[in-house]
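Note sheet for the following structure.
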Amino acid sequence: MSSSGMGRVNRKGHGHFFFAFAMLCATASVLLASGCDPLYIKVDGVGIKKSEFIKELDTRLERARKKNPLEISGIKGKRLLAETKRQVATEIIKRTILAVAARKLGVAVTDREVERRLAEEKKNFLDKQEDRKLLSASREELRKRIADIILLEKISEKISKGVEVTEEEAESFYLTRTEKYSNPPMVHMAHILVRTEGEGKIALERINAGEEFSAVAASMSRDDGSKAFGGDVGWVVSGTWDPRIENVAFSMQPGEVKGPVKASDGYHVIKVIERREARVLTYEEVRDKVMRDVLIEKKQEILSDWLKTVYANAVVRLPRELGRWDPLLGIVVEE
């Protein structure tokens, strides 16, 4: 088939998807305008209206369309539509199951708590890819997700109230995870950053001729942040600098100077001032942290078991066109 023929097929598939997408939006509008809004999903006696489902589905499909229009064409588009329907149904069902269970536990989340959490954590969301996805969601969807997080936190505290950690549990936890409580190797390092290898050789020659490293750094280094301190950059933890620099620095002894070392930002002349080898901290040094870690793990296990139970016991009814609720997996799967 010619490339122009392929183009026609893709546009046709693309059009089919947009037709289905437009029909979904129109259906939601008609349902709301007519006042005829049937129950679509039922969870533990709580009904979810069809307009609510379509509204959430509409948001997801619109985002997919803006992100990559090619993904919503042809067979891919049909598959995306089916998968998105199941994802939306799963989230609605889980949210409803949790809401019902939370009411029985006497747990609730207020709008004020959600807004406070949004304000407190918004800047932290930028640190992780998953959190950046949260920020890209609509504000309404973001609020729902934050509310879900807070609700789970409150449920966890409720069902794990009174859980304690014994000294024996903490010591056993520590002994099986000593790498978690280790200090990595570090070097206290100074450097001179220059533009060319030739400049690096000149800096090294001056130092070998008897000039103080700090004086050469002050006169030649392009690193304004460290040159005022004689090139001293403080303690460098393994895995935090350019690997080419670390490979040299972590092989050096205190007082040794090497270079020039080529890196992404230029050439470095390196001096190691002190070294600290990797060390496993003793239980006494990290006891409080170990106790907290064990408590968190125990609470997570209790919450996980609790979720499996409520998902398994939930009475869920949904249209066959969406699939079926799998209580063991806790998701809507293809029929």
Side-chain angles (χ1 to χ4, degrees), residues 37-57 59-60 83-121 125 130-131 133-134 137-165 292-335:
D37 193 0
L39 294 181
Y40 196 54
I41 300 171
K42 199 169 183 180
V43 181
D44 287 335
V46 178
I48 293 93
K49 294 182 177 181
K50 191 164 187 177
S51 62
E52 181 182 345
F53 175 83
I54 292 176
K55 184 178 179 182
E56 292 210 24
L57 179 63
T59 301
R60 302 294 182 84
E83 289 176 356
T84 306
K85 282 182 176 181
R86 289 194 293 271
Q87 289 170 4
V88 171
T90 295
E91 290 188 15
I92 290 175
I93 290 168
K94 281 185 171 182
R95 188 172 292 134
T96 307
I97 291 173
L98 288 181
V100 172
R103 280 198 296 272
K104 292 177 180 177
L105 290 171
V107 173
V109 177
T110 66
D111 290 341
R112 186 174 181 180
E113 287 173 322
V114 174
E115 292 299 332
R116 187 187 301 125
R117 178 67 65 87
L118 279 169
E120 288 174 353
E121 297 187 0
F125 285 164
E130 181 61 30
D131 291 335
K133 289 179 183 177
L134 274 178
S138 68
R139 180 170 179 80
E140 183 180 354
E141 185 180 353
L142 180 56
R143 290 187 82 264
K144 284 181 180 178
R145 295 191 191 184
I146 292 294
D148 289 344
I149 292 170
I150 298 174
L151 186 64
L152 275 176
E153 290 173 353
K154 287 191 168 189
I155 289 173
S156 178
E157 287 303 313
K158 186 82 171 184
I159 63 179
S160 60
K161 188 176 182 180
V163 174
E164 296 180 349
V165 178
R292 287 194 301 271
D293 290 344
V294 177
L295 183 61
I296 290 171
E297 186 170 280
K298 290 180 80 170
K299 287 183 175 182
Q300 288 174 340
E301 288 176 357
I302 291 170
L303 179 61
S304 178
D305 290 342
W306 181 87
L307 286 171
K308 288 176 183 177
T309 301
V310 295
Y311 290 158
N313 293 334
V315 179
V316 179
R317 292 186 176 87
L318 67 162
R320 292 190 65 181
E321 65 189 71
L322 292 180
R324 63 178 178 85
W325 169 252
D326 188 320
L328 296 179
L329 297 176
I331 59 172
V332 174
V333 297
E334 195 171 0
E335 186 66 60

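Each residue takes its place number in the sequence, starting with 1.
- Qualifying side chain to side chain donor-acceptor pair (under 3.5 Å) partners for E52, counting only residues two or more places apart in sequence or in other chains: none.
- Between the side chain of S304 and the backbone N or O of Q300 there is no donor-acceptor pair closer than 3.5 Å.
- E115 places none of its side-chain heavy atoms less than 4.5 Å from the side chain of I146.
- When every heavy atom of S156 is checked against every heavy atom of L303, the shortest pair comes out as CB-CD2, 4.2 Å.
- Within 6.0 Å of CZ in R317 there are 12 or fewer heavy atoms belonging to other residues, nucleotides or ligands.
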Step-by-step side chain to side chain contact (heavy atoms under 4.5 Å, CB included) determination, L98 to D148
CA-CA 9 Å; L98 288 181; D148 289 344; 5.6 Å; no

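- When all heavy atoms of A312 and P327 are compared, the closest pair comes out as CA-CB, 3.7 Å.
- Two residues are said to be in side-chain contact when any heavy atoms from C-beta on lie closer than 4.5 Å; E297 and E301 meet this criterion.
- Counting heavy atoms from C-beta on, the side chains of L105 and I159 come closer than 4.5 Å.
- Heavy atoms only, all atoms of each residue included: V332 and L322 are closest at CG1-O, 3.6 Å.
- Of the inter-residue distances, the one linking I296 atom CD1 with S160 atom OG reads 11.0 Å to the nearest 0.5 angstrom.
- No more than 12 heavy atoms of other residues, nucleotides or ligands lie within 6.0 Å of CD in E334, so this atom counts as exposed by the packing criterion.
- Within 6.0 Å of NZ on K154 lie more than 12 heavy atoms contributed by other residues, nucleotides or ligands.
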Test salt bridge (charged side-chain N to carboxylate O under 4.0 Å, His left out) applied to E164 and K298, step by step:
CA-CA 9 Å; E164 296 180 349; K298 290 180 80 170; over 6 Å; no

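- Of all heavy-atom pairs spanning V114 and A147, the tightest one is CG2-CB, 3.9 Å.
- Atom CD1 in I54 sits 13.0 Å away from atom NZ in K49 (nearest 0.5 Å).
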Check the pair E153, E157 against side chain to side chain contact (heavy atoms under 4.5 Å, CB included), reporting the backbone distance first and the verdict last.
CA-CA 6 Å; E153 290 173 353; E157 287 303 313; 5.8 Å; no

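- With rounding to the nearest 0.5 angstrom, the CG atom of L152 is 9.5 Å from the NZ atom of K94.
- D44 contributes a side-chain N or O that, together with a main-chain N or O of V315, makes up a donor-acceptor pair within less than 3.5 Å.
- Using a 4.5 Å heavy-atom threshold, the side chains of R86 and V333 count as separate.
- Under the 4.0 Å criterion applied to side-chain N and carboxylate O atoms, K144 and E91 are not assigned as salt-bridge partners.
- Taking the six-membered ring for Trp and thresholds of 30 and 60 degrees, Y40 and F53 have ring planes inclined between 30 and 60 degrees apart.
- Once rounded to the nearest 0.5 Å, the distance linking CD1 of I48 with CG of L318 reads 9.5 Å.
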For the pair V316 and R324, evaluate side chain to side chain contact (heavy atoms under 4.5 Å, CB included) and give the outcome as yes or no after the intermediate values.
CA-CA 9 Å; V316 179; R324 63 178 178 85; over 6 Å; no

For T96 and I41: C-alpha separation, side-chain torsions, deciding distance, then whether side chain to side chain contact (heavy atoms under 4.5 Å, CB included) applies.
CA-CA 10 Å; T96 307; I41 300 171; over 6 Å; no

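- Nearest heavy atoms, A102 versus L151: CB-CD1, 3.7 Å.
- Expressed to the nearest 0.5 Å, how far OH of Y311 lies from CD1 of I97 amounts to 6.5 Å.
- The NZ atom of K50 sits 11.0 Å away from atom CG of L57, with the distance rounded to the nearest 0.5 Å.
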